[in-house]
Amino acid sequence: MSDFDHDCLIVGGGPAGLTAAIYLTRFHLRIRLIDAGNSRASLIPCSHNHAGYPEGVNGKELIRLMTEQAQRYGAKIECARVTRLDRVDGGFEAEWGSGRETTRTVLLATGVTNRRPPMDEQVHDEALARGLIRYCPVCDGYEVTDKRVGIIGDDSHGVAEAIFLRSFTPHVTLVAPDTEHRKLGTQEWDRLDQFGIAAKDGPVTDVRLEGDEIVLVTPSGEQRFDSVYPALGSDVHSALAKMIGVDLAPDGCIKVDDHQRTSVPGVYGAGDVVKGLDQISHAMGEGGVAATTIRNDLAKQSPLLR
């Protein structure tokens, strides 16, 4: 097992990658985790639906605690961006800031990035910290119970998110980011009417914060909300997977089997970059499954591993 620098290279230091790091180091495997430092979980001001934290937990704090736990068992964690991944005989070679290293297996936990509405970055970050902008109705729909909620979107995804949030509050408005809801079909308009969801044409020309409100400026006037959910989709970080020929879903997410194996032997996927439920708990579960599968697959080559 010593012909390679590592038994497993983990790319991504969010909940999935860090869970896998904890497992793999406790399996006495030689691992390195490379993280670009932009985990989506770190942007969460306070999660109230993550089990074990009855008062809620800040995303950065959760990542810090998981990192500390992985390092306690010897995980080597480096802040960098993997820019290249190649297949080599019996494994893989990866390149990042400190050079090139080889590994028997790779776990891709590279995540996704939410598309933000066009607005000043500082205003966006303040709104996110205060709960005036939210990205995950599954995570925090409870927090907007009976409040005024706006969804920025003009396609079926935006309609679905508006209907989901309608189960928490009757005050839901779908706002088109551009000129009008041109992507909506008759059936989608009927569903908006069925659930009593208002719709406002765009474009959204300004977003500002006033007291405890977030204001979207549209041609029909100012739309005032207690929280706004951008439903503009996300960018999947699957370039490394594509680089080595991993099968991807139409939306760019990595396809895996029930044990987190990809179509390329020795490559595994976990977390939001994999097609499925984008939740911390789900990412952690996938990280644990992937790590155990990696250990067992490597044991088929060398049962004692060490």
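Sorted by first and then second residue, the pairs that involve residues 245-255 and meet side chain to side chain donor-acceptor pair (under 3.5 Å), not counting sequence neighbours, are Asp251-Lys275.
From Leu107, atom CG reaches atom CG of Leu24 across 7.5 Å, with rounding to the nearest 0.5 Å. Annotation: the span from Ser42 atom OG to Glu61 atom CD amounts to 12.5 Å, rounded to 0.5 Å. To the nearest 0.5 angstrom, Leu192 atom CG is 11.5 Å from Arg166 atom CZ. Note: Ile22 CD1 to Ile31 CD1 = 9.5 Å, rounded to the nearest 0.5 Å. The line from NZ of Lys60 to OG of Ser39 is 9.5 Å long, rounded to the nearest 0.5 Å. Atom-to-atom distance recorded for Ile280:CD1 and Leu62:CG is 5.5 Å, nearest 0.5 angstrom.
Counting side-chain heavy-atom gaps under 4.5 Å among Ile, Leu, Val, Met, Phe, Trp and Tyr, the cluster of Phe92 also holds Leu9, Val11, Ile34, Val82, Leu85, Trp96, Val106, Leu108, Val112, Val236, Leu240, Met243, Ile244, Val246, Leu248, Ile254, Val256, Val264, Val267, Val273, Val274.
Side-chain contact check for Gln71 versus Lys76: every heavy-atom pair is 4.5 Å or farther apart. Glu101 is listed as a side-chain neighbour of His6, based on a closest heavy-atom distance under 4.5 Å. Between Pro118 and Pro177 there is no side-chain heavy-atom pair separated by less than 4.5 Å. Residues Ile63 and Leu65 form no side-chain contact, since every pair of their non-hydrogen atoms from C-beta on lies 4.5 Å or further apart. Contact check for Leu132 versus Leu209: side-chain heavy atoms found under the 4.5 Å cut-off. Annotation: side chain of Leu165 is in contact with side chain of Ile151 (closest heavy-atom distance under 4.5 Å). For the pair Leu18 and Ile77, the minimum side-chain heavy-atom distance is below 4.5 Å. Between Arg134 and Val144, the closest side-chain pair of non-hydrogen atoms falls below 4.5 Å.
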Run the side-chain hydrogen bond (donor to acceptor under 3.5 Å, both in side chains) check on Thr83 and Glu95 step by step: do they pass?
CA-CA 6 Å; Thr83 55; Glu95 182 176 346; 4.6 Å; no
Step by step, work out the side chain to side chain contact (heavy atoms under 4.5 Å, CB included) result for Ile197 and Ile163.
CA-CA 8 Å; Ile197 297 169; Ile163 292 172; 3.9 Å; yes
Salt bridge (charged side-chain N to carboxylate O under 4.0 Å, His left out) evaluation trace for Arg40 with Asp278
CA-CA 10 Å; Arg40 188 161 61 154; Asp278 290 356; 3.2 Å; yes
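Between Arg100 and Asp86 a salt bridge is recorded (basic side-chain N to carboxylate O distance below 4.0 Å). For the pair Glu188 and Arg191, the salt-bridge criterion is not met [side-chain N within less than 4.0 Å of a carboxylate O]. Arg30 and Asp5 are not joined by a salt bridge, as no carboxylate oxygen comes within less than 4.0 angstrom of a charged side-chain nitrogen. A salt bridge between Asp120 and Arg208 is absent, with no side-chain N of the basic residue lying under 4.0 Å from a carboxylate O of the acidic one. Ion pair Glu210/Arg224 flagged as a salt bridge, since at least one NZ, NE, NH1 or NH2 atom sits closer than 4.0 Å to an Asp/Glu carboxylate oxygen. The existence of a salt bridge linking Glu213 and Arg148 is confirmed by a sub-4.0 Å separation between a basic side-chain nitrogen and an acidic carboxylate oxygen. A salt bridge is absent between Lys200 and Asp154: the closest approach of a Lys/Arg side-chain nitrogen to an acidic carboxylate oxygen does not fall below 4.0 angstrom.
By the rule that hydrophobic residues join a cluster once side-chain heavy atoms approach within less than 4.5 Å of another member, Val215 and Leu174 end up as members of separate clusters. Under a hydrophobic-cluster definition in which Ile, Leu, Val, Met, Phe, Trp and Tyr are linked whenever side-chain heavy atoms come within less than 4.5 Å, directly or via other members, Leu232 and Val175 are assigned to the same cluster. Placement of Val217 and Ile133 in two distinct hydrophobic clusters is found when ILVMFWY residues are connected by side-chain heavy-atom separations under 4.5 Å, directly or transitively. At a threshold of 4.5 Å between side-chain heavy atoms, the hydrophobic network of Ile, Leu, Val, Met, Phe, Trp and Tyr places Leu277 and Met284 in two separate groups.
With hydrogens and angles disregarded, a donor-acceptor distance shorter than 3.5 Å links the side chain of Ser227 to the backbone of Gly131. A donor-acceptor contact shorter than 3.5 Å is absent between the side chain of Gln260 and the backbone of Val289. Under the 3.5 Å distance criterion, the side-chain polar atoms of Asp272 are left unmatched by any main-chain donor or acceptor of Gly111. Looking at Asp140, its side chain never comes within 3.5 Å of a backbone N or O of Glu143 through a donor-acceptor pair. A donor-acceptor pair is defined here as one N or O able to donate and one able to accept, closer than 3.5 Å; such a pair exists between the side chain of Arg115 and the backbone of Ser234. The main-chain N or O of Tyr142 is found under 3.5 Å from a side-chain atom of Thr145 such that the two form a donor-acceptor pair.
Considering all non-hydrogen atoms of both residues, Pro117 and Ile152 come closest at CB-CD1, 4.0 Å. Across all non-hydrogen atoms, the minimal contact from Phe27 to Ala291 is CE1-O, 3.8 Å. Looking at every heavy atom in both residues, Ala162 comes nearest to Val172 through O-CG1, 3.9 Å. Taking both residues in full, the closest heavy atoms of Pro230 and Glu161 are given as O-OE2, 4.1 Å, listed atom of the first, atom of the second, then distance. The nearest pair of heavy atoms linking Ala231 to Asp155 is O-OD1, 4.4 Å. Closest approach of Ala16 to Ala109, counting heavy atoms only: CB-CB, 4.2 Å.
Seen from the ring of Tyr73, Arg26 counts as a face-on cation partner, given the 6.0 Å and 45° thresholds.
Residues satisfying the ring pair (Phe, Tyr, Trp, His ring centres under 6.0 Å) test with Tyr135, not counting sequence neighbours, are His124. Among residues two or more places apart in sequence or in another chain, the ring pair (Phe, Tyr, Trp, His ring centres under 6.0 Å) test is passed with His282 by none. Applying the ring pair (Phe, Tyr, Trp, His ring centres under 6.0 Å) test to Phe164 and every residue at least two apart in sequence or in another chain returns Phe168.
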Would you be so kind as to tabulate the donor-acceptor pairs closer than 3.5 Å made by side chains of residues 44-55, with sequence neighbours excluded?
unit_1, atom_1, unit_2, atom_2, d
Ser47, OG, Asn49, OD1, 3.2
Asn49, ND2, Gln279, OE1, 3.3

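The side chain to side chain donor-acceptor pair (under 3.5 Å) test with Tyr268 is passed by exactly one of Thr105, Asp297, Thr293: Asp297. The only option from Asp226, Asp212, Asp125 that meets the salt bridge (charged side-chain N to carboxylate O under 4.0 Å, His left out) definition with Arg130 turns out to be Asp212.
Other residues, nucleotides and ligands place more than 12 heavy atoms under 6.0 Å from the CD atom of Gln194.
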